[in-house]
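As the structure is a computational prediction, the values presented were derived from the model and not from experiment.
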Amino acid sequence: MPDEVRTEINDRDDYAEKVAELEHARLVIAEQQQRLLLSQAEARTDALTGLFNRRAMNDWLDHSLKRYRLYGEAYSLMLIDIDDFKLINDDLGHVEGDRVLQQVAEVLVASLKPQHQLARYGGDEFSIVLPASDISVAQVSGMQFLESFAKHSFGIENQLRQITLTIGIAQQTENLEKLELIKRADACLIAAKSAGKNRCCYFDHGIGLPVAALPAVISVENR
């Protein structure tokens with residue numbers, strides 16, 4: 001075989017080998033990127049409920065704060081607590097308590113507006129970041145959540161029972177840092193619990209206190 005032909009064949013083999021190596025490298029990179037995306041998603045997801053977690057909530061708050069400082073776009077934070085959840089865990093066990101958390105998450109998701117950003121905050125608490133929402137808009141949303149739960153019966157230990165929520169709401173204001181906003185919403189949650197649960201309470205920035213706990217929704221059973 002002439003040397004020229006042999007060289008051409010070798011060059012073709014080398015080229016085919018390099019093409020195969022490049023294709024393999026592309027597949028490896030694509031697989032690594034997929035694993036990275038999956039890992040990032042898992043890092044922002046609550047395993048029990050499938051909702052986003054507190055890390056995601058903090059990211060949303062950071063993003064909302066940037067928009068507020070750039071464009072003055074109002075937003076609010078809502079913290080939600082399941083009333084008397086400890087009694088469910090103590091009386092029925094943590095497995096049943098986990099089922100309740102999953103059901104609560106499902107009802108919250110069904111009641112969300114498209115722009116709402118829901119996360120499991122931790123334990124039996126959930127959070128919602130409400131973009132482009134001042135305190136009055138957030139209060140209306142809070143009452144709608146309470147009404148949704150008043151109309152819904154939950155399957156708990158093979159029985160239909162009602163579950164109520166308590167909600168604290170705070171709106172972002174000038175020079176307010178993220179942690180301070182969370183503290184204000186939490187203070188409202190505590191105030192609403194003290195006022196009788198199954199209600200909303202919002203932070204009045206004028207006087208610097210959580211006030212105006214809205215009346216509890218009358219449950220279906222009591223109508």
How long is the gap from [atom1] on [X] to [atom2] on [Y], to the nearest 0.5 Å?
X    : Y    : atom1 : atom2 : answer
H152 : F154 : NE2   : CZ    : 4.5 Å
Y202 : I167 : OH    : CD1   : 15.5 Å
Q103 : L108 : CD    : CG    : 12.0 Å
Q102 : L48  : CD    : CG    : 4.5 Å
Q162 : N198 : CD    : CG    : 9.0 Å
L77  : I182 : CG    : CD1   : 6.5 Å

Can you name the salt bridge (charged side-chain N to carboxylate O under 4.0 Å, His left out) partners of [X], sequence neighbours left out?
X    : answer
D98  : none
D134 : none
D91  : none
R67  : E73

Could you tell me if the side chain of [Y] sits less than 4.5 Å from the side chain of [X], heavy atoms only?
X    : Y    : answer
R99  : V104 : no
S111 : V107 : yes
I163 : I156 : yes
D186 : L189 : yes
I82  : L165 : yes

Are [Y] and [X] connected into the same hydrophobic cluster when the rule is that any two of I, L, V, M, F, W, Y join if their side-chain heavy atoms are below 4.5 Å apart?
X    : Y    : value
L179 : L181 : yes
I80  : L101 : yes
L146 : F126 : yes

Salt bridge (Lys or Arg N to Asp or Glu O under 4.0 Å) contacts touching residues 113-133 (sequence neighbours left out):
D46-R120
Which pairs with one or both residues in residues 74-90 pass salt bridge (Lys or Arg N to Asp or Glu O under 4.0 Å), sequence neighbours excluded?
D81-K193, D83-K193, D84-K197, K86-D90
For [X], check side chain to side chain contact (heavy atoms under 4.5 Å, CB included) against everything at least two apart and list the hits.
X    : answer
N89  : F85, H94
V109 : L51, L118
A119 : F52, M57, W60, S127
S133 : L130, V137

Is any side-chain N of the basic residue among R69 and E177 closer than 4.0 Å to the acidic one's carboxylate O?
yes
Main-chain N/O of L61 paired to N58 side chain as donor or acceptor, under 3.5 Å:
no
Quick check against the 3.5 Å criterion: does Q172 have a side-chain atom that pairs as donor or acceptor with the backbone of L176?
yes
Mind listing the closest non-hydrogen atom pair of [X] and [Y] along with its distance?
X    : Y    : value
C201 : A192 : CB-CB, 3.7 Å
A138 : M78  : O-CE, 3.6 Å
M143 : C200 : N-SG, 3.9 Å
P131 : Y75  : CA-CB, 4.0 Å
I169 : S76  : CG2-CB, 4.4 Å

Mind checking side chain to side chain donor-acceptor pair (under 3.5 Å) for D62 and listing every partner two or more places apart, or none if nothing turns up?
K178
Q171 meets the side chain to side chain donor-acceptor pair (under 3.5 Å) criterion, sequence neighbours left out, with none
Could you check R161 against S153 for side-chain contact (heavy atoms from CB on, under 4.5 Å), going step by step and ending with a plain yes or no?
CA-CA 5 Å; R161 303 187 187 183; S153 295; over 6 Å; no
Ring of Y121, cation from R54 - is the NZ or CZ under 6.0 Å from the centre and inside 45° of the axis?
yes
List the steps, then state whether side-chain contact (heavy atoms from CB on, under 4.5 Å) holds for I128 with L112.
CA-CA 9 Å; I128 301 177; L112 284 178; 4.0 Å; yes
